[in-house]
Structures are given as structure tokens and as C-alpha cells.
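Working notes for the structure below.
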Amino acid sequence: MSNNIQAVRGMPDILPDEAEFWELFEDTVRSWLKSYGYRPIRMPIVEPTPLFKRAIGEVTDIVEKEMYSFVDSLNGEPLTLRPEGTAGCVRAVIQHNLIAQTPQRLYYMGQMFRHERPQKGRYRQFHQVGVEALGFAGPDIDAEMILMGARLWDDLGLDGIKLQLNTLGQPEERARHRADLIVYFEQHQDLLDEDAKRRLHSNPLRILDSKNPAMQEVIVGAPKLIDYLGEASLEHFNAVQQILKDAGLPFEINPRLVRGLDYYNLTVFEWVTDRLGAQGTVCAGGRYDGLVGQLGGKAAPACGFAMGVERLIALVRDAGGEPCKRGTDVYVVHAGEAASRMAFRAAEGLRDQGIDVVLHCGGGSFKSQMKKADASGAAFAVIIGDDEAAANEVSLKPMREEGDGQKRVPLEALADTIMNSMLDWNEENEEEEA
RNA sequence: GCGGCAUUAGCUCAGUCGGUAGAGCACUGGAUUGUGAUUCCAGUUGUCACCGGUUCGAUCCCGGUAUGUCGCCCCA
């Protein structure tokens, strides 16, 4: 085993039992996004390294020490595996002029890469669903995006995910706050930890988000951003809150909520659970009105959020959510050369009618083949031996009924017989449910 | 990147106070020779994560590495 090549640390395989949950999740997410008018976009996993440095911020942890960056040895180009999706999405929107005429609601889902120490709910390759609305300036889209989250948790059968909300104001307001913040922290330098000192002049806002208990006192006494906000910023924030209140969605204002990426302004929010240990944030986002211009596009407002797929799927599994494990419709059992050739015709004929068929491969006794048929979850076994082949018939055996309802059916009548049985079966089930 | 804990059959785990290992599930075969899921019988399961050290002898003790996990950091 140990001599074999293993998956890269923090980049796990998702095996079939697990992957079925992923597909259930993805189906739910896609129809949820469609119900809000979002359209898919697919960006490359690799982007030029400067894109992330400019978008995310040079002094963020992501850019400083978590990016998978490398130089393309064939042409010397600096490249990076995307650590998040917004930068690439905005790059694509600019490059293809997508919001020249009209705003866009976009989404993507896929891998992201960050070189962190792995643990549950945190991996080096992880998956996000990213949702971005570009070209919308008002608080309405912010609120809509937040309300979307609440609906998805409901669709996924999750509860206990709580909303935290904050506003970061506008760049000039942050700048004044930031200047005062630096002065304040400089006056209390002896109370700052090493990380905070390093950030003092580069990114002091992040110090407010520190969880270091030793620093809580100095943080509480720091200048508050809300006191620096102008009328427009306050109005925007209030409008978002009003819509949430109208919708009956509870939230908590967390003035220390600061996003890890530098491009945010005004509204920021996080959806948090206490069921995932240290990885409690399952969804986070906010407004980033400056990013399009910062990346060279014509200035345009924008708002978005990303969800951690691994974290949400972990919650779905904890909550007992199950993908509806529908097996195949039919399992074809056969022995003998003529029977085997007929089995292919039977199987393809059924598939022509839209019936799911697993054709037994690999030989074996009828007994062992029937075991496989049972394990497959098939509603019917189609059994073909020499007798059936000689008569151009098959034996059709219902696997989910009491007694032995097995009967011989001409090959050409097989599909119709199965379709009728499945219809009857469905009707009975509906009656039971009603 | 830092600290703690863990790593035994495909899965979930037990165990050896240092003398190379077991259960359940799963899997394979059989119980009137063409028929499952129940029951009964039989059988295979493994360099006890890897490398090195101590020892007559290590799966067990010690060190390192890898991976996982919990917390910190950070974040989805």
C-alpha cells in the first residue's frame, strides 16, 4: 500500500457513496439558482498569478502563504490554481464585456485550492458554489442574495445556520477609520500580538477580527467603523436590514465581521453553524463595488457570495439527508452463449424505451447472478437461459414483490410488459401515499 | 505554519503487560444439479501506515516520516 501513489494531502477522492450526496446537492443547488434567474459560467481553474494578487490583496493570508503558484516551465508565465472564484469570474466578465449592456446574475461551482493544514471541512482542494451579481448597485440585490441562502438551507433540509451581517462602508470611510485605527493601535502596541503588529500598517481592519482572547479588550475599545459611515452607506445598510426584516429573516449584526479578501465594501455577511467545529462558516459574501474597476474594467457595482460545498454536504449528512437511492430498473441475468447474445439485444431494446438496465457481465451461476441482481436494487430481473433463448422469450421476475410472480414473456413484448408493471407499481405507491 | 490525539482485514473495531493477530459486517462457495434479499454450513481475508532505533525477538517501547482528526491561525 505505502509503495503505491496516494492522493495529495488535503485533496481527497470522493467515492460513490459520498458522490451520490454530491449529486443530490448539486441538483438542489442548480434548481435553486435557476429559480432566482442565475446563469452558469465556467472559468479555468488556472489563472495568471497577478489576477489574484490584485483582486484578493497582497497582504492577505491567501496570497501570502496559501496559493498554489508556479511558473509554467514552457513559457515562464506565472500561474496559480484559483484559491477562490470571484477574481476569475470578474476577469471573465471584463474580458468578454458581459455587463456592457445589462447586469448579470452568474454562478459557478468547482474546485478551489489553498495550501492550508487540512482537517474536517477544510481541504487543500475544496469546492465552492459561487454566486455573483454584477452591475447591480442597490441594497435590493444584497438582500436578495442573503434571502437566497435561507431558502437553500431549507431546500437542503438544514437548520441552525445563522446569519451574521455587517457593513464595511466605502473606501474613503474605511480610510478615515483605518487612519484612526492605526493611531489607536499604535498607542496600544504593547497589547498587540505579533500578527496584529504585522498587520498594523498593511491591513489594520483585520485586527478587529482577531480571536486572540488577550486582544479582545483593546479591540473593544477601538474606533468603530459605524461612526465613520456617511449617510449613503448607512442608508444602504439600513435598506438591506429592512428587506431582511420584511422577510422575517433573523440576523445578528457583527461589527467585527471582516472578510478575508480585500475587495469587499458595504454589505458583508456570513452564514454560520456551530456543528462543524472550527470550520463554522458555510457561506460568506458581500458587496465588492471596486473590484471590476480595480481589475481594469469599466467601474461597475457587484455583489456575491461563496458556499463551502464540503461543509454543507457534511451538514446534510449529519442531518440524515439521503439521496433517493433508486437502483436500476432491470438487471439482466443470463447463461449460455445464445442466451448471452440475446441478453444484449434485450438490454439495448429496454434502454431504447428509456428503461435503466444493468447487464450482468463476468459470468457465474444463476445463483450468484441473482444475488447481484438483488444487490443492484433492480425492480425486475430478466432471466435468459438456453430454454428462453430457444423460444425467443425471457423470464421476467419482479424482485420487490412477495411470492413468485415470475413469468415468461416474448422478447418483443418485454419493454411494454415492464413499462406497464412499473406504471401499476407507481400508481399503487401514490395511492398508499395519499 | 504551530500544538494534542490517532493509524490493526474492503468497512466498523477488539487485542497482544514485547514471542508476527481476532470479531461483526462485507465477500466467495455450498444446503435436490437454471433463481436473490431471511436461515444454516464452510472458506479467504492483513508486510498490525511507512522508515529507522532499542531488544534474542517489535504490531505493541522510542525517534522520524506520511495521512487523518481536534484546537490555534485562517477561511468556504
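In what follows, every chain begins at residue 1, and chains take the letters A, B, ... in the order their sequences are listed. Side-chain atoms are counted along with the backbone in the values below, which use heavy atoms only and exclude waters and symmetry mates.
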N or O in side chain of A:Arg9 less than 4.0 angstrom from B:G68 OP1/OP2 =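 Looking at the OP1 and OP2 atoms of B:G68, one of them is under 4.0 Å from a side-chain N or O of A:Arg9.
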B:U35 phosphate, OP1 or OP2: any side-chain N/O from A:Gln406 under 4.0 angstrom?
->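 Answer is no, no contact under 4.0 Å.
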Base, sugar-phosphate or nothing for [X]? Non-hydrogen atoms, less than 4.0 Å.
X: A:Tyr123; value: base
X: A:Ala373; value: nothing
X: A:Glu66; value: sugar-phosphate
X: A:Asp386; value: nothing
X: A:Gln111; value: nothing

G-U wobble or Watson-Crick pairing nucleotide for [N] (cut-off 3.5 Å, both distances):
N: B:U67; value: B:A6
N: B:G1; value: B:C72
N: B:G22; value: B:C13
N: B:G46; value: none
N: B:C61; value: B:G53
N: B:G34; value: none

Closest listed nucleotide, where the reference is the side chain of [X] and the choices are [options]:
X: A:Glu116; options: B:G36, B:U35, B:A76; answer: B:A76
X: A:Arg117; options: B:C2, B:A76, B:U35; answer: B:C2
X: A:Met370; options: B:U35, B:C74, B:G34; answer: B:U35

If you find the nucleotide of RNA chain B closest to A:Gly121 and the one closest to A:Pro12, which residue's nucleotide is nearer the 5' end?
->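 Looking at the nearest nucleotide for each, A:Pro12 comes out on the 5' side.
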A:Ala7 or A:Gln279, whichever maps to the more 5' nucleotide of RNA chain B =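 Result of the comparison: A:Ala7.
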How far does the [atom1] atom of [N] sit from the matching atom of [M], given to the nearest Å?
N: B:A21; M: B:U47; atom1: P; result: 13 Å
N: B:A42; M: B:U35; atom1: C1'; result: 22 Å
N: B:C27; M: B:G63; atom1: C1'; result: 40 Å
N: B:G30; M: B:U69; atom1: P; result: 42 Å
N: B:G1; M: B:C73; atom1: C1'; result: 8 Å
N: B:G52; M: B:G15; atom1: C1'; result: 26 Å
N: B:G19; M: B:C25; atom1: C1'; result: 31 Å
N: B:A37; M: B:G18; atom1: P; result: 46 Å

Any N/O pairs under 3.5 Å between the protein and nucleotides 24-33 of chain B? List them or say none.
none

Could you state the [atom1]-[atom2] distance from [X] to [N], rounded to the nearest angstrom?
X: A:Gln164; N: B:C75; atom1: CD; atom2: C1'; value: 14 Å
X: A:Arg311; N: B:U69; atom1: CZ; atom2: P; value: 13 Å
X: A:Gln119; N: B:U69; atom1: CD; atom2: P; value: 8 Å
X: A:Arg124; N: B:U69; atom1: CZ; atom2: P; value: 12 Å
X: A:Asp13; N: B:G68; atom1: CG; atom2: P; value: 11 Å
X: A:Arg400; N: B:A37; atom1: CZ; atom2: P; value: 12 Å
X: A:Ile207; N: B:C74; atom1: CD1; atom2: C1'; value: 15 Å
X: A:Tyr264; N: B:C75; atom1: OH; atom2: C1'; value: 11 Å

Please say whether more than 12 non-hydrogen atoms of neighbouring residues, nucleotides or ligands are located less than 6.0 Å from CZ in A:Arg317.
->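 Correct, the count exceeds 12.
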Is there a side-chain contact between A:Asn254 and A:Glu270, using heavy atoms and a 4.5 Å cut-off?
->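 Side chain of A:Asn254 against side chain of A:Glu270, heavy atoms only: no contact under 4.5 Å found.
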Could you tell me whether A:Asp329 and A:Arg351 have a side-chain N and a carboxylate O separated by less than 4.0 Å?
->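 Looking at A:Asp329 and A:Arg351, the cut-off is not met.
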Check for a donor-acceptor pair, side chain of [X] on one end and backbone N or O of [Y] on the other, with a separation under 3.5 Å.
X: A:Arg124; Y: A:Glu116; answer: yes
X: A:Tyr38; Y: A:Ala133; answer: no
X: A:Glu84; Y: A:Thr86; answer: yes

Does A:Gln187 have any side-chain contact (heavy atoms from CB on, under 4.5 Å) partners at least two apart in sequence or in another chain, and if so, which?
->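 side-chain contact (heavy atoms from CB on, under 4.5 Å) check on A:Gln187 returns A:Val183.
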Examine the base of B:U35 for any acceptor or donor lying under 3.5 Å from a partner atom in the side chain of A:Lys397, and report the outcome as yes or no.
->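 Yes, a donor-acceptor pair under 3.5 Å.
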Taking the six-membered ring of A:Tyr36, is NZ or CZ of A:Arg105 closer than 6.0 Å to its centre and within 45° of its axis?
->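 Judged by the rule, A:Arg105 and A:Tyr36 form no cation-pi pair.
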Determine whether the side chains of A:Glu388 and A:Ser395 contain a donor N or O and an acceptor N or O closer than 3.5 Å.
->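 A:Glu388 vs A:Ser395: donor-acceptor pair found between side chains.
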Over all heavy atoms of both residues, which pair between A:Phe126 and A:Pro83 is shortest? Give the atoms and the distance, please.
->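 So the two residues come closest at CZ-O, 3.9 Å.
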